[in-house]
Structures are given as C-alpha cells and as structure tokens.
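Notes to accompany the following structure.
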Amino acid sequence: AGQNRGGLEDAFRRFADYVPLMMWRSDAEGRAVHHNERWLAFTGRSAEDEIGEGWRRGLHPDDFERHAALVAEAFRAREPFSVEFRLRRHDGAYRWLLETGRPLSENGAFQGYLGTCFDITDRKHAEEHIEHALAEKEALLAEVYHRVRNNLQVMVSLIGLYGRAAPEPCRGSFEALGQRVRAIALVQHHLHEAPHIASIDLRDYLHRLASGLGQLRRAGRIGVTVDGTGTGLVE
C-alpha cells in the first residue's frame, strides 16, 4: 500500500509540473508538501525553501494574518476556500493571486488540501483604477452641484431684490421668474440626491419633486398628483 501511495504521489507531482498554473499540496496538518514548477518559477525559490511553512515568507506583511486565519478556518471545517493575497515574485515585486483550495480525502480519511493560484494583479489594478475614477467623478459632480446651487441662489436673491424695487404691475412677473428658478434648483437638488444618477426611479423622483414644487406655491394655487405603481427606471 505504501509503494502504491508513493507511486500516486510521484504521478501527481509529474502531472502538477505540466499544468500551466501555480499549484500546491498540503498534508492533513496544513503543512506544504509540494509546489509545482510553475510556483517555483514564480517565486524563484527552491522546493526545499517552500516546504512546510517556508512559502509563507513570501506573503505580503499586510496579508499574512488575514490569509492565515481564513485558511486555518477552512482546514478546521475541511471546506473549500478562496482568498486573494499578495505574494513576492522572483524579482521582488508583489503580485496579487487568487488562491483556491479544496480538501482531499482517501477512503473517507482527510489527506490535506490541493490548491491553485492565478495571477490577478492586472484585474486588481483595473478595479483600483475604476474606483479612483468613480471617486473623481463623484467629487466633480459634487463640485458642479454646489456651484450651480450657489449660482441659482444668487439669481433668486437678485430677482427678489429687483422685484421688490419694480413697479407694482411688474412684481408678478418677477415673482413668477423667481418661482421658475427655484423650481430649476429643486430639480437639480433631487437629481443630486438620487442614489445612482445613471439609473433613476422616475416614479419616486416625481413624487419627491411634485411635493417640493407644491411647496413653492401658495396654498391652493397649485396641485400635483402622480399616479402609477411599481418602479419606472430611467437609465
């Protein structure tokens, strides 16, 4: 039986070395017993360096504890796991890897884990770029909103000032103009408050806008009703 198992182990190692991705194998105690040629080429270290806990020396310090805790929990439960972490490459650069591990058993007995790793650094950098771009867009939209709001407030104040100084027959026109500018400000305000400007629930938006517009007029001068059920997304 021992010779048969040894033959299977040798066959696995030969197979793993031909697989075009990073692979590892652990024993039932969680100690690394094998890393394939693709792994060793990535780290630039020998198989003896990586054995046991040696491979962990290549982990990024900020990912060490998180990775260890997640893997330890998976081993205790003997369940599959996936985790992202940074590993030092042979040139000293840290690269993001997506690691997936699955428990191995033979005749119902737990034998350890088999794992694979994919380099996802380009994907992580793309995600970071998108997050940075979104943050810049949100900051720009907020700046535009505040500038437009302030300008509209100045316009309302000037219209009110000129309206009060205008002859009595003209004051109604100034009042109507002021109401229209306030209505524009209200539309802008509710658009700015929308959770996602690219996809707006038109029914909810119109309800809030109608309520605000109704408050701009004296009681009894205007009534707004919005009918409909469900949502009406506008993208």
Side-chain angles (χ1 to χ4, degrees), residues 2 4-139 195-196 198:
N4 184 48
R5 175 171 295 180
L8 290 175
E9 288 290 340
D10 290 340
F12 163 76
R13 295 187 180 206
R14 289 194 298 270
F15 164 76
D17 286 339
Y18 280 104
V19 174
L21 71 156
M22 299 167 65
M23 293 185 67
W24 55 266
R25 173 83 183 269
S26 78
D27 60 18
E29 283 70 43
R31 297 186 297 265
V33 296
H34 180 69
H35 290 88
N36 71 345
E37 291 294 334
R38 182 59 64 93
W39 177 289
L40 300 179
F42 178 91
T43 62
R45 292 157 57 86
S46 69
E48 291 73 20
D49 290 332
E50 304 291 74
I51 211 74
E53 299 292 324
W55 72 273
R56 290 185 178 275
R57 290 196 293 266
L59 277 167
H60 193 286
D62 293 343
D63 299 336
F64 192 97
E65 295 297 334
R66 176 177 57 85
H67 179 275
L70 188 148
V71 173
E73 179 61 29
F75 264 78
R76 281 193 292 270
R78 295 182 182 177
E79 294 180 345
F81 69 88
S82 292
V83 59
E84 296 178 2
F85 65 96
R86 285 161 288 185
L87 187 69
R88 188 171 61 245
R89 196 169 56 184
H90 57 83
D91 59 359
Y94 282 98
R95 303 285 292 181
W96 279 100
L97 302 181
L98 171 62
E99 179 179 55
T100 301
R102 297 189 65 84
L104 299 173
S105 62
E106 183 178 344
N107 298 324
F110 176 61
Q111 300 294 320
Y113 269 74
L114 175 65
T116 59
C117 292
F118 294 91
D119 190 325
I120 58 169
T121 305
D122 291 341
R123 192 202 77 186
K124 294 290 289 187
H125 287 170
E127 290 175 351
E128 292 172 0
H129 176 74
I130 291 173
E131 291 177 359
H132 182 68
L134 288 175
E136 287 186 340
K137 186 188 74 172
E138 292 297 328
H196 303 287

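As the structure is a computational prediction, the values presented were derived from the model and not from experiment.
The nearest pair of heavy atoms linking S82 to T100 is OG-OG1, 3.5 Å.
A distance of 11.5 Å separates CG of L87 from CH2 of W96, quoted to the nearest 0.5 Å. To the nearest 0.5 Å, atom CD of residue E127 and atom CG of residue D122 are 11.5 Å apart. Summarising the geometry, atom CD belonging to E84 is positioned 4.5 Å from atom CZ belonging to R123; distances are rounded to the nearest 0.5 Å. Atoms CG and CH2, from L114 and W24 in turn, are 7.0 Å apart once rounded to the nearest 0.5 Å. Considering OH of Y113 and CZ of R25, their distance stands at 12.5 Å, rounded to 0.5 Å. Once rounded to the nearest 0.5 Å, the distance linking CD of E50 with CZ of R57 reads 7.5 Å.
With sequence neighbours excluded, the residues that form a side chain to side chain donor-acceptor pair (under 3.5 Å) with Y94 are R88. The side chain to side chain donor-acceptor pair (under 3.5 Å) test applied to T121 returns R95, D119, not counting sequence neighbours. Partners of F64 according to the ring pair (Phe, Tyr, Trp, His ring centres under 6.0 Å) rule, which considers only residues two or more places apart in sequence or in another chain, do not exist here. Scored by the salt bridge (charged side-chain N to carboxylate O under 4.0 Å, His left out) test, R56 finds E53 as partners (sequence neighbours excluded). Remark: A47 engages L40 in a side-chain contact (heavy atoms from CB on, under 4.5 Å) (not counting sequence neighbours). Residues satisfying the salt bridge (charged side-chain N to carboxylate O under 4.0 Å, His left out) test with D27, not counting sequence neighbours, are R31. Applying the salt bridge (charged side-chain N to carboxylate O under 4.0 Å, His left out) rule to E99 yields no partners; only residues at least two apart in sequence or on another chain are considered. When the salt bridge (charged side-chain N to carboxylate O under 4.0 Å, His left out) test is applied to R66, the partners found at least two apart in sequence or on another chain are D63. With sequence neighbours left out, D91 forms a side chain to side chain donor-acceptor pair (under 3.5 Å) with R89. Applying the side-chain contact (heavy atoms from CB on, under 4.5 Å) rule to I51 yields no partners; only residues at least two apart in sequence or on another chain are considered.
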Do any side-chain atoms of residues 73-80 form donor-acceptor pairs under 3.5 angstrom with protein atoms, and if so which ones, sequence neighbours left out?
{"from": "E73", "atom 1": "OE1", "to": "R76", "atom 2": "NH2", "distance (Å)": "2.8"}

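Between the side chain of D49 and the backbone N or O of G54 there is no donor-acceptor pair closer than 3.5 Å.
Note: W39 and H35 have tilted aromatic rings, judged against thresholds of 30 and 60 degrees for the angle between ring planes.
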Query - Test log, rule side-chain contact (heavy atoms from CB on, under 4.5 Å), inputs F85 and L59 - result: CA-CA 8 Å; F85 65 96; L59 277 167; 3.0 Å; yes
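For the pair T43 and W55, the minimum side-chain heavy-atom distance is 4.5 Å or more.
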